[in-house]
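All remarks here apply to the structure that follows.
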Amino acid sequence: MNNQILSARLTLTKVALPDWELIRSIYSNPTLMEHIGATMSDEDIRRNFEKELAPWSLESNHWLTWIIHETDSGSDVGLISICTRNRETLTAEVGFIILDGFKGKGYATESIRRVFDFAVDTFGFKKFTAVCSEEHAASRRVLEKAGMKLDKIVPESTEIAGKMVNDCFYTLEK
């Protein structure tokens, strides 16, 4: 599998050992985790990170994660991941986190579209899903710009920072 995906402005590289500090800084940052869930301990982050370093296939239970970089500057923009959710219907879930200094530039949408194309061409995925909190308007816009459709909103589905939030479930069929 190719460890690098290119788009017009971005280079996505499969997560690797040198990415530890970036991954740790993302999952321990309360601002970045505000709409996702609780910040994680270094131990929990390390455990997930080690899983993501392992080879990935359709049968894997862990996420396939890429670090998003601006191609011109080489700056870290964030991360994007997919995980197989249904092997029979070839369905993958997508998730992403964009660092504060890079939000609002269209990088999340560009990354998602490129990862969808890659996942279809490389693994044969036919359907993609995503979940985000109803109050996270920016993520909802990104998913919709990437072509995903809102299927349903489930009230009080997830607890984030001690508060139950509504979850929006999105899909895209290729």
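Each residue takes its place number in the sequence, starting with 1.
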Checklist entry - side-chain contact (heavy atoms from CB on, under 4.5 Å) between F128 and V120: does it pass, once the steps are laid out? => result CA-CA 10 Å; F128 296 92; V120 168; 3.8 Å; yes
Checklist entry - Please walk me through it: do E21 and R24 pass salt bridge (charged side-chain N to carboxylate O under 4.0 Å, His left out)? => result CA-CA 5 Å; E21 282 303 323; R24 190 193 61 71; 3.1 Å; yes
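- Exactly one of R113, R114, E110 qualifies for a side chain to side chain donor-acceptor pair (under 3.5 Å) with S7. That residue is E110.
- Judged by distance alone, the side chain of D19 and the main-chain N or O of A16 form a donor-acceptor pair under 3.5 Å.
- Side chain of K14 to backbone of E52: a donor-acceptor contact under 3.5 angstrom is found.
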Next on the checklist: As a quick check of understanding, evaluate side chain to side chain donor-acceptor pair (under 3.5 Å) for E59 and S57, giving each step before the final call.
Outcome noted: CA-CA 5 Å; E59 288 74 36; S57 72; 3.3 Å; yes
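- With L99 as reference, D76 is the one residue of D76, T31, I68 to meet the side-chain contact (heavy atoms from CB on, under 4.5 Å) rule.
- Heavy-atom contacts from other residues, nucleotides or ligands closer than 6.0 Å to NZ of K105 number more than 12.
- Looking at W56, its side chain does come within 3.5 Å of a backbone N or O of H62 through a donor-acceptor pair.
- A donor-acceptor pair is defined here as one N or O able to donate and one able to accept, closer than 3.5 Å; no such pair exists between the side chain of T39 and the backbone of P30.
- In summary, the side chains of S41 and E43 do not present any donor paired with an acceptor at a separation below 3.5 Å, with no hydrogens or angles considered.
- For F49, the ring pair (Phe, Tyr, Trp, His ring centres under 6.0 Å) test picks out W20, with sequence neighbours left out.
- Counting heavy-atom neighbours within 6.0 Å of K103 NZ, excluding the residue itself, gives a total above 12.
- Checked against ring pair (Phe, Tyr, Trp, His ring centres under 6.0 Å), Y170 has no partners two or more places apart in sequence or in another chain.
- With T129 as the partner, the side-chain contact (heavy atoms from CB on, under 4.5 Å) test is satisfied by one option alone out of N86, I82, T171: T171.
- The aromatic rings of F118 and F123 sit perpendicular to each other, their planes meeting at more than 60°, with 30° as the lower class boundary.
- Distance CD1/I5 to CH2/W66: 4.5 Å, rounded to 0.5 Å.
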Next on the checklist: Run the side-chain contact (heavy atoms from CB on, under 4.5 Å) test on M164 and E159 for me, step by step, so that the C-alpha distance in whole Å, both residues' side-chain angles and the decisive distance to 0.1 Å come before the verdict.
Outcome noted: CA-CA 4 Å; M164 294 304 290; E159 183 178 336; 3.6 Å; yes
